[in-house]
Amino acid sequence: MAANSSAAPFLSFSSSLSCPSPSRRLLPLPVRRGSPPLRRRIPAVQAKIREIFMPALSSTMTEGKIVSWVKAEGDRLSKGESVVVVESDKADMDVETFYDGILAAIVVPEGETAPVGAPIGLLAESEDEVPLAKAQAQSQSQVQSHSSSPPSPPPPSDPTPSPAPTAAVKPEAEGPRKAVATPYAKKLAKQHRVDIEKVVGTGPHGRITPADVEAAAGIPPKKPIAPAPTSAPAATPVTPSPAPTTATKASAAPLPPIPGSTVVPFTTMQTAVSKNMVESLSVPTFRVGYPVMTDALDALYEKIKSKGVTMTVLLAKAAAMALAQHPVINATCKDGKSFTYNSSINIAVAVAIDGGLITPVLQDADKLDIYLLSQRWKELVSKARSKQLLPNEYNLGTFTLSNLGMFGVDRFDAILPPGQGAIMAVGASKPTVVADGDGFFTIKNKMLVNVTADHRIIYGADLAAFLQTFSKIVENPESLTV
Amino acid sequence: MQASLSISLSLPPAPRSDPAPAASLAALRPFALRFCGLRREALGLRPLRPAGSTRIFPSPARTSSRKTVAAVSGNGSPSKAFDYDLVIIGAGVGGHGAALHAVEKGLKTAIIEGDIVGGTCVNRGCVPSKALLAVSGRMRELQNEHHLKALGLQVSSPGYDRQGVADHANNLASKIRNNLTNSLKALGVDILTGVGTLVGTQKVKYGKVGFPDTEITARDIIIATGSVPFVPNGIEVDGKTVFTSDHALKLEWVPDWIAIVGSGYIGLEFSDVYTALGSEVTFVEALDQLMPGFDPEIGKLAQRVLINPRKIDHHTGVFAKKITPAKDGKPVSIELIDAKTKEPKDTLEVDAALIATGRAPFTKGLGLENINVVTQRGFVPVDEHMQVIDASGNLIPHLYCIGDANGKMMLAHAASAQGISVVEQICGKDNVLNHLSIPAACFTHPEISMVGMTEPQAREKAQQEGFEVSVAKTSFKANTKALAENEGEGLAKLIYRPDTGEILGVHILGLHAADLIHEASNAIALGTRVQDIKFAVHAHPTLSEVLDELFKSAKVNTGVSPSSVNEPVTV
């Protein structure tokens with residue numbers, strides 16, 4: 001190959017007369033296997049025929065043009081050899097093969113383009129499979145030529161659940177079209193694999209605007225100023241992993257320093273907390289409080305605390321059971337347009353640790369029994385204190401519990417962490433004089449809980465109903481140990 | 001201070017070993033050649049400046065230059081038989097450049113302008129478009145969150161005021177226009193107002209409409225009437241929704257979606273402006289690829305950098321057969337036909353259409369028929385000295401045509417260089433302008449610039465003449481300054497003869513490419529060869545090191561160059 005390349009930052013190249021090909025970089029195909037985004041050859045096979053897919057050479061690439069086939073049909077390929085030169089939106093790159101075999105058929109010829117993920121050629125393992133592969137290629141190209149039916153997706157026998165997109169975009173119809181789409185709308189449609197023919201145009205003269213395509217693709221319109229809340233599951237109040245250290249916007253003018261003050265920069269964890277707290281301001285929240293009588297729960301706790309059960313775990317279990325009956329409280333609002341119902345109930349519990357706060361998550365808290373849950377909790381807490389929590393142990397929460405009752409706090413107000421629908425703040429349980437309907441006064445242990453929720457998806461009545469359920473569970477705690 | 005020395009555009013490629021002509025020319029024109037007339041203001045205020053600055057050129061030509069400079073203030077004395085030594089029809093950049101040089105040469109000069117001083121470049125071309133592009137460049141930077149973030153900057157919701165942008169362009173044009181007018185006045189060039197018409201070979205009449213014409217005689221006449229936007233048949237220009245660059249530069253509105261017919265310099269620059277201001281753009285190009293005039297490799301990269309990532313799509317290989325302006329609530333409609341088969345292909349419905357299909361010479365009403373000149377597609381035929389050729393193929397004495405009107409190279413600075421060359425010719429000095437040394441630039445973000453031949457042109461010539469061609473390239477990604485600016489996208493390409501080291505062409509796409517090209521164009525103009533220029537030192541870290549590296553990466557096999565004996569070791 002006449003590719004002039006140097007991986008060094010000093011990218012200088014010179015070509016002479018003998019080198020007619022334009023500058024081109026060799027696609028740095030990773031040898032690592034199974035790293036999903038980089039896997040370009042997906043073994044979607046019946047028999048021993050592999051499809052060569054249009055690789056995604058950059059994050060913005062939606063389709064690629066075949067500059068040239070380095071190998072011809074019938075050529076024998078060995079692993080690591082350049083097979084085809086693909087032009088992406090950024091550069092021309094040589095694409096190499098992961099497998100030995102014979103290039104049985106070229107599905108997309110030179111000069112034509114194919115969407116990322118679409119088969120561009122077929123690789124047969126041995127001579128015997130070549131005719132079969134050719135037949136397959138023929139049927140494939142036929143399918144593609146009839147633009148009315150989308151290209152057949154790779155056979156369902158594909159064993160590797162690969163995130164590489166397989167659904168090919170229908171080739172753009174030639175000739176005059178009824179629907180008028182703006183240039184950017186067309187680009188967006190390609191990028192998000194939206195069939196532009198099916199988009200209803202709302203622009204002037206009925207044209208399809210970028211906003212129409214975005215709406216069809218389910219993308220929230222970009223707000224010019226307010227940064228959109230970050231993707232939900234990754235963000236819990238705390239992220240000890242190196243979080244992006246983008247400083248929060250310095251909105252207020254810096255106040256004059258007070259003499260003698262010291263400035264201590266945030267740790268990574270504190271930065272993450274700070275970021276999440278500022279982010280929470282973009283969510284419209286409201287709060288509902290509820291008194292819960294805990295005499296029965298306290299009695300139960302006394303009974304089983306010798307088995308390692310803590311009050312926190314009991315409350316988490318109770319919340320999880322209540323959530324199971326009120327899935328909306330366990331839901332998330334990701335884009336301001338829809339409910340995302342979470343399939344499992346994962347209770348994040350706030351834990352104060354040295355210099356910060358972390359929220360280990362009790363996964364499937366509604367399903368595990370109280371003893372297993374307690375055991376799990378013990379592990380999590382010790383891991384949290386030694387800062388050894390794994391990301392999936394602190395960032396998969398769907399509902400958060402924060403308990404300050406042990407400090408004697410009677411009630412408080414929690415800030416909703418980004419990516420969750422609700423958080424429960426639990427105060428101390430205190431003996432309280434209570435009057436019943438018959439006018440009798442009794443002393444009961446009363447605990448105030450206060451739930452903060454995202455009002456885009458959770459309404460006051462939802463929260464009230466949930467709290468009622470929670471209170472019933474706590475007041476009749478037998479079910480907690482079942 | 002007048003620190004810049006003149007670029008010797010008017011010089012033929014001279015042997016490097018002979019510094020005398022260059023120095024003398026420099027002494028005669030001690031100012032940088034004004035591409036669009038910017039530098040003249042200083043001269044207008046200080047007309048005696050040239051005498052001082054000649055002192056820094058100790059050369060054999062020194063005495064003669066003093067003589068001519070002394071004549072400057074008097075605007076020469078007319079030859080007895082004529083009203084003027086030189087009359088220039090058209091006060092654009094070409095006419096202006098010629099007039100200034102003529103005054104320096106001691107010629108009594110007049111310039112006839114029927115419209116406004118400055119011509120297309122200053123009023124409806126390069127100058128106001130640079131104002132718009134300055135805005136679009138900044139908008140691009142402010143809107144590029146990724147880029148700003150990488151620099152650690154935070155900017156919230158940049159916006160613009162259309163009228164403010166339009167005013168900036170308009171103010172710039174009037175400022176440059178005034179500079180130009182003042183410089184002419186200060187030098188004593190007579191500005192005659194009215195439409196100039198040739199009556200005979202050395203006779204011109206001029207006058208405003210409705211007023212009696214005045215006839216004047218001149219020993220020599222230069223036609224410099226320039227060009228107007230070319231609008232193909234079938235396109236109805238209403239100046240509101242279907243318009244040319246003339247209207248677009250006023251920026252009366254910013255359409256949501258605009259079709260640009262033609263993807264040359266003008267179209268490309270406007271696509272840069274409109275997309276930065278929020279429009280979506282559709283290119284309509286008759287040829288099979290966008291940016292047909294560029295070196296193919298540069299064109300390909302330009303498409304990747306300037307077209308694909310932006311809100312632009314395109315139709316190539318199609319003609320806009322019919323364009324109807326928006327009316328009665330209907331959008332602008334563009335009927336496309338296949339450029340080859342002429343079959344209908346598509347109909348576009350857009351908010352506006354900009355016609356950027358090139359420019360047509362403005363030679364009507366010049367009275368060319370009075371002197372037996374037949375234009376070719378409107379262009380005035382000229383020889384290599386810009387002398388006008390009549391219908392029977394003979395040179396017409398004392399009549400020259402420069403700039404867009406002759407169609408040799410439709411660039412403002414080419415017109416000016418041609419004008420200077422003609423004045424040299426008139427003054428008895430044989431002078432042929434080397435058009436291959438004239439740079440061209442497209443002021444997109446990033447910019448594109450070029451001088452000399454494209455690679456296919458060079459290879460064709462090489463095949464005909466039997467020499468070898470080599471190509472060297474460097475990337476902006478390797479340049480410290482470009483990386484500091486976080487603008488590493490770009491390529492510089494050198495096309496040269498490996499046997500002699502002659503530079504055939506240089507093409508640059510990248511940050512400030514338009515400013516970088518002059519090292520190469522000067523080298524071509526002066527005949528500097530690769531093996532010599534590679535030893536020139538460039539300040540570090542600057543973008544000019546892109547060219548430094550480019551020259552250094554070229555491989556010349558002369559082996560006989562005396563300078564190679566003591567070659568210093570460079571890394």
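Residue numbers begin at 1 in each chain, while the letters A, B, ... track the order of the sequences.
- For B:Q463, the CD atom is loosely surrounded, since the number of other residues' heavy atoms within 6.0 Å does not exceed 12.
- Between chain A and the residues B:I312, B:L494, B:V281, B:L550, the largest count of heavy-atom pairs under 4.5 Å involves B:I312.
- Judged purely by atom type and a 3.5 angstrom limit, B:K330 has no side-chain atom pairing as donor or acceptor with the backbone of A:H205.
- Of the inter-residue distances, the one linking B:D256 atom CG with A:R207 atom CZ reads 7.0 Å to the nearest 0.5 angstrom.
- At a 4.5 Å heavy-atom cutoff, the contact between B:I307 and chain A is made by backbone atoms alone.
- Of the possible donor and acceptor atoms, one in the side chain of A:K187 sits under 3.5 Å from a partner among the backbone N and O of B:N308.
- The local environment of CD in B:E460 is sparse, with at most 12 non-hydrogen atoms from other residues, nucleotides or ligands closer than 6.0 Å.
- Of all the heavy atoms in A:A181 and B:W257, the pair that sits closest is O-CH2, 3.3 Å.
- Smallest separation of non-hydrogen atoms from B:E280 and A:P210: OE2-CG, 3.2 Å.
- Both the backbone and the side chain of B:D351 come within less than 4.5 Å of a heavy atom of chain A.
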